[in-house]
Amino acid sequence: MNQTRFRRFGLASLVALPLGATLVGCNATPPKEEDRAGLLSESADLRNEFEAAVPGLNNQIAQAPAYVVFPDIGQAGFIIGGQGGRGAVYTGDGRHVGWATLNTANIGLQAGVQNYSMLMVFKDQATLDKFRNNELTGNANSVAVIGDQGGSQLDKFDNGVASYHKTRGGLMAGLQLGLDSIKYSPEFPGDPR
């Protein structure tokens with residue numbers, strides 16, 4: 001490879017490949033035992049933040065069979081992009097029942113790095129069952145939560161999911177998720193919930 005070609009593609013390769021490899025490396029296994037308490041604590045705090053910022057969200061959650069909270073999702077892109085993070089799955093009444101992993105990789109013209117938090121609400125038992133069987137398909141747009149004092153609108157269900165995100169910094173704008181990139185694992189193996 002000549003030096004000019006290396007200079008032109010070297011930076012993209014050095015940035016994109018490790019980020020893409022990191023994001024693709026996530027799997028649907030539960031977090032390590034030592035990380036679980038912190039993830040659950042962050043998830044509870046984040047649910048409170050989202051409910052304070054989105055009027056009616058607490059009712060939407062209470063009427064849902066389940067919801068997922070992802071405290072920290074990393075989104076990265078420079079030619080190859082993707083998103084990755086772990087979340088906690090709860091029943092509508094707030095009982096922890098499992099874990100979720102978000103893991104995507106795509107190729108396209110994009111640049112930037114952004115971290116955000118996300119809360120997803122499942123509309124009905126059929127959608128939840130698809131999620132538990134890792135069979136969710138389609139896309140879901142996410143409502144941006146702005147501020148923490150009631151400035152955002154309640155999301156409508158899209159493919160059985162209402163989704164909210166809160167940016168933690170970065171350059172990318174807009175959020176659409178491929179639902180097949182979100183995988184479930186139960187808190188207790190063999191648990192049907």
Side-chain angles (χ1 to χ4, degrees), residues 22-51 54 56-75 81-106 115-145 154-166 175-193:
T22 299
L23 295 170
V24 173
C26 294
N27 58 37
T29 60
K32 294 177 183 175
E33 191 69 40
E34 61 268 18
D35 297 333
R36 292 180 182 192
L39 182 60
L40 292 173
S41 176
E42 288 179 49
S43 296
D45 292 344
L46 189 60
R47 176 185 169 172
N48 292 334
E49 286 179 36
F50 275 89
E51 286 181 338
V54 182
L57 179 58
N58 57 342
N59 290 331
Q60 188 179 60
I61 289 172
Q63 295 172 12
Y67 64 97
V68 181
V69 182
F70 290 95
D72 189 22
I73 297 172
Q75 177 171 308
Q83 304 169 10
R86 292 195 186 274
V89 181
Y90 299 89
T91 59
D93 62 3
R95 190 170 34 93
H96 175 244
V97 293
W99 305 100
T101 303
L102 183 134
N103 177 26
T104 69
N106 52 50
N115 285 12
Y116 60 96
S117 302
M118 185 171 66
L119 187 145
M120 296 175 57
V121 182
F122 296 102
K123 179 180 182 177
D124 53 31
Q125 191 63 45
T127 304
L128 177 59
D129 290 344
K130 286 181 183 178
F131 170 66
R132 287 184 176 148
N133 293 318
N134 294 316
E135 297 172 350
L136 272 182
T137 59
N139 294 314
N141 292 312
S142 185
V143 169
V145 174
L154 196 62
D155 191 21
K156 295 178 181 165
F157 289 99
D158 186 12
N159 286 314
V161 174
S163 179
Y164 306 88
H165 71 280
K166 187 173 187 177
L175 178 59
Q176 183 179 58
L177 291 172
L179 296 175
D180 58 347
S181 66
I182 302 168
K183 301 301 180 191
Y184 172 75
S185 61
E187 170 63 6
F188 305 104
D191 186 355
R193 289 182 301 247

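Taking 4.5 Å as the limit, every side-chain heavy atom of V69 sits out of range of all side-chain heavy atoms of F50. Side-chain contact between E187 and W99: present, with at least one pair of heavy atoms (C-beta onward) separated by less than 4.5 Å. For the pair F70/H165, no side-chain contact is recorded, criterion being any heavy-atom separation below 4.5 Å from C-beta on. Contact annotation: the side chain of I61 approaches that of E51 to within less than 4.5 Å [non-hydrogen atoms, C-beta and beyond].
D129 pairs by the side-chain hydrogen bond (donor to acceptor under 3.5 Å, both in side chains) definition with Q125, not counting sequence neighbours. K156 meets the side chain to side chain contact (heavy atoms under 4.5 Å, CB included) test with no other residue; sequence neighbours excluded. Legend: residues meeting ring pair (Phe, Tyr, Trp, His ring centres under 6.0 Å) with F131, ordered by chain and number and at least two apart, are F122, Y184. Every residue two or more places apart in sequence or in another chain was checked for a side-chain hydrogen bond (donor to acceptor under 3.5 Å, both in side chains) with N159, and none qualifies. Applying the side chain to side chain contact (heavy atoms under 4.5 Å, CB included) test to D124 and every residue at least two apart in sequence or in another chain returns A126, T127. For N133, there are no side-chain hydrogen bond (donor to acceptor under 3.5 Å, both in side chains) partners at least two apart in sequence or on another chain. The salt bridge (charged side-chain N to carboxylate O under 4.0 Å, His left out) check on E33 picks up R36, with sequence neighbours excluded.
Within the model, atoms NZ of K123 and CD of Q63 stand 12.0 Å from one another, a figure rounded to the nearest 0.5 Å. The structure places CG of L128 at 12.0 Å from NZ of K130, a figure rounded to the nearest 0.5 Å. Here CE of M118 is found 10.5 Å from CG of L46. Values are rounded to the nearest 0.5 Å. Going from atom OG of S185 over to atom CG of N134 covers 8.5 Å, rounded to the nearest 0.5 Å.
Residue D158 comes nearest to N139 through the heavy atom pair OD2-O, 3.6 Å, listed as atom of the first residue, atom of the second, then distance.
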- Task: Might you work through the side chain to side chain contact (heavy atoms under 4.5 Å, CB included) test for D35 and R86, ending with a clear yes or no?
- Result: CA-CA 11 Å; D35 297 333; R86 292 195 186 274; over 6 Å; no
- Item | Y67 and R47: CA distance, side-chain angles, deciding distance, side-chain hydrogen bond (donor to acceptor under 3.5 Å, both in side chains) verdict | CA-CA 10 Å; Y67 64 97; R47 176 185 169 172; 2.7 Å; yes
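Formation of a donor-acceptor pair under 3.5 Å by the Y164 side chain with backbone atoms of D155 is found in this model. For the pair S43 (side chain) and L39 (backbone), a donor-acceptor distance under 3.5 Å is present.
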